[in-house]
Amino acid sequence: LIRIFHGVFYVLIWIMVVIMVISEFGVNIGPLLAGAGIVGLAFGFGGQYLIRDIISGLFIILENHYRVGDVVCLDETCGLVEDITLRMTTLRDLDGVVHHVPNGEIKKASNLSKYFSRVNLNIGISYNSDLEKVIEVVNRVGKELAEDPEWKDYIKKPPQFLRVDDFADSAVIIKILGETHPLKKWDVTGELRKRLKIAFDKEGIEI
């Protein structure tokens, strides 16, 4: 917002300076202002997409849909927000590709890191597994991860067993849910997968 107000103020100051300089030379600025209005009207008709982008960008910023540093999906394009202007949003995806998305073309903006993120993990276990034992191991691993000094600052709610999510053809699908600080869900989820694999191997639980 500061950048927007600075830009608008900068442009207005220069317009006023130019008008004052012209008027000091004795030039009648009335016809010039009328001509500028006509040019502005023509530009408005010709630049309707640009105006749409600017208006959309203004609402995105004012309503705080996302900020620089958030991970978002704009329709089918996902990535880290590197820059937001009134005209477009710049995203960088995991491959390092930079995407420039005009704000007026955004139909749906999904913020993956606003306030908190969530570990949402589905794992398939063998039908021969003892479900109560699986639940105990999952909850223990999640609690240990949340208490680990290296990870505890990133976790708001320890990952825990939530429910049996489905009976698949060759596995019982269980859902594990937890909450993390923004942008840390992928790191925490990866570490949780590693620890669950190690724990399941020790306990003889087949994935």
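These figures come from a predicted structure and were not determined experimentally. For the numbers below, each heavy atom of this structure counts, side chains included, while hydrogens, waters and symmetry mates do not.
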**Student:** When clusters are formed by joining ILVMFWY residues with side-chain heavy atoms under 4.5 Å apart, either directly or through shared neighbours, do Leu131 and Ile205 land in the same one?
**Tutor:** yes
**Student:** Taking all heavy atoms of Lys114 and all of Asn64, pick out the closest pair and write down the distance.
**Tutor:** NZ-O, 2.8 Å
**Student:** Hydrophobic clusters here meaning ILVMFWY residues chained together by side-chain heavy-atom distances under 4.5 Å, can you tell me if Leu121 and Val134 are in one?
**Tutor:** yes
**Student:** Does the side chain of Ile84 reach to within under 4.5 Å of the side chain of Thr90, using non-hydrogen atoms?
**Tutor:** no
**Student:** State whether the number of non-hydrogen atoms from other residues, nucleotides or ligands found under 6.0 Å of Ile13 atom CD1 is greater than 12.
**Tutor:** yes
**Student:** Between Leu58 and Val81, is there a shared hydrophobic cluster once you connect ILVMFWY residues whose side-chain heavy atoms come closer than 4.5 Å?
**Tutor:** yes
**Student:** Are Trp186 and Tyr115 co-members of a hydrophobic cluster defined by side-chain heavy atoms under 4.5 Å apart?
**Tutor:** no
**Student:** When you compare the side chain of Asp187 with that of Tyr154, does any pair of heavy atoms fall below 4.5 Å?
**Tutor:** no
**Student:** Please name the pair of heavy atoms, one in Gly142 and one in Pro158, separated by the smallest distance, quoted to 0.1 Å.
**Tutor:** O-CB, 3.9 Å
**Student:** Would you call Ile173 and Phe167 a side-chain contact if the rule is heavy atoms closer than 4.5 Å?
**Tutor:** no
**Student:** Report the C-alpha separation of Ile174 and Phe161 in whole Å, then their side-chain angles, then the decisive distance to 0.1 Å, and conclude whether the side chain to side chain contact (heavy atoms under 4.5 Å, CB included) test is met.
**Tutor:** CA-CA 7 Å; Ile174 64 171; Phe161 172 86; 3.9 Å; yes
**Student:** Do Asn122 and Asp166 have side chains that approach each other closer than 4.5 Å (heavy atoms only, starting at C-beta)?
**Tutor:** no
**Student:** Just how far is it from atom CD1 of Ile207 to atom CZ of Arg193, taken to the nearest 0.5 Å?
**Tutor:** 11.0 Å
**Student:** Hey, are the side chains of Leu91 and Leu80 touching, using non-hydrogen atoms and a 4.5 Å cut-off?
**Tutor:** no
**Student:** If you count heavy atoms of other groups shown closer than 6.0 angstrom to CD of Glu206, is the number above 12?
**Tutor:** no
**Student:** One thing to verify: whether Lys133 and Glu136 come together as a salt bridge, which I'm taking to mean a side-chain N less than 4.0 angstrom from a carboxylate O.
**Tutor:** no
**Student:** Using 0.5 Å steps for rounding, measure from the SG atom of Cys78 to the CZ atom of Arg92.
**Tutor:** 15.5 Å
**Student:** What distance separates Glu179 CD from Phe116 CZ, expressed to the nearest 0.5 Å?
**Tutor:** 4.5 Å
**Student:** Measuring only between side-chain heavy atoms, which start at C-beta, is Leu145 closer than 4.5 Å to Ile155?
**Tutor:** yes
**Student:** Decide yes or no on side chain to side chain contact (heavy atoms under 4.5 Å, CB included) for Glu105 and Arg52, but give the supporting numbers first.
**Tutor:** CA-CA 9 Å; Glu105 296 183 5; Arg52 183 190 63 179; 3.6 Å; yes
**Student:** Are the side chain of Ser117 and the backbone N or O of Ser113 linked by a donor-acceptor pair below 3.5 Å?
**Tutor:** no
**Student:** Whether the side chain of Asp53 engages the backbone of Gly104 through a donor-acceptor N/O pair (distance < 3.5 Å, no angle test) should be reported.
**Tutor:** yes
**Student:** Where the side chain of His99 meets the backbone of Asp93, is there a donor-acceptor pair that is under 3.5 Å apart?
**Tutor:** no
**Student:** When rounded to the nearest 0.5 angstrom, what distance separates CD in Glu76 from NZ in Lys107?
**Tutor:** 12.5 Å
**Student:** Show your working on side chain to side chain contact (heavy atoms under 4.5 Å, CB included) between Val188 and Trp151 and close with a plain yes or no.
**Tutor:** CA-CA 8 Å; Val188 172; Trp151 294 94; 4.1 Å; yes
**Student:** Can you tell me if Asp130 uses its side chain to pair, donor with acceptor, with the backbone of Glu132 under 3.5 Å?
**Tutor:** yes
**Student:** Under a 4.0 Å N-O cut-off, is there an ion pair linking Lys152 with Glu147?
**Tutor:** no
**Student:** Can you spot which of Val164, Asp165, Ile123 makes a side chain to side chain contact (heavy atoms under 4.5 Å, CB included) with Lys175?
**Tutor:** Asp165
**Student:** If you compare all heavy atoms of Ala199 against all heavy atoms of Val137, which two are closest, and at what distance to 0.1 Å?
**Tutor:** CB-CG1, 3.8 Å
**Student:** Any idea which heavy atoms bring Val138 and Gln160 closest together, and the distance?
**Tutor:** CG1-C, 4.3 Å
**Student:** Does Arg140 pair with Glu203 as a salt bridge, N-O distance under 4.0 Å?
**Tutor:** yes
**Student:** Under 6.0 Å from the OH atom of Tyr66, do we count more than 12 heavy atoms belonging to anything else shown?
**Tutor:** yes
**Student:** With no hydrogens and no angle check, do the side chains of His65 and Asn111 hold a donor and an acceptor under 3.5 Å apart?
**Tutor:** no
**Student:** Indicate the atoms forming the closest heavy-atom contact of Gly69 with Leu183, along with that distance.
**Tutor:** O-CD1, 3.3 Å
**Student:** Would you indicate whether the side-chain heavy atoms of Thr89 and Asn103 approach each other to under 4.5 Å?
**Tutor:** yes
**Student:** Do Thr189 side-chain atoms and Lys185 backbone N/O form a donor-acceptor pair below 3.5 Å?
**Tutor:** yes
**Student:** Where is the tightest heavy-atom contact between Asp169 and Tyr127, given as atom of each residue plus distance?
**Tutor:** O-CE1, 4.2 Å
**Student:** With the side chain counted from C-beta on, respond yes when Arg118 and Leu177 share a heavy-atom pair under 4.5 Å apart, and no when they do not.
**Tutor:** yes
**Student:** Is the closest basic N to carboxylate O distance between Asp148 and Arg195 below 4.0 Å?
**Tutor:** yes
**Student:** Donor-acceptor pair, Asp70 side chain versus Val72 backbone, under 3.5 Å?
**Tutor:** no
**Student:** Please determine whether residues Val101 and Met88 belong to a single hydrophobic cluster, defined as Ile, Leu, Val, Met, Phe, Trp and Tyr linked transitively by side-chain heavy-atom distances below 4.5 Å.
**Tutor:** no
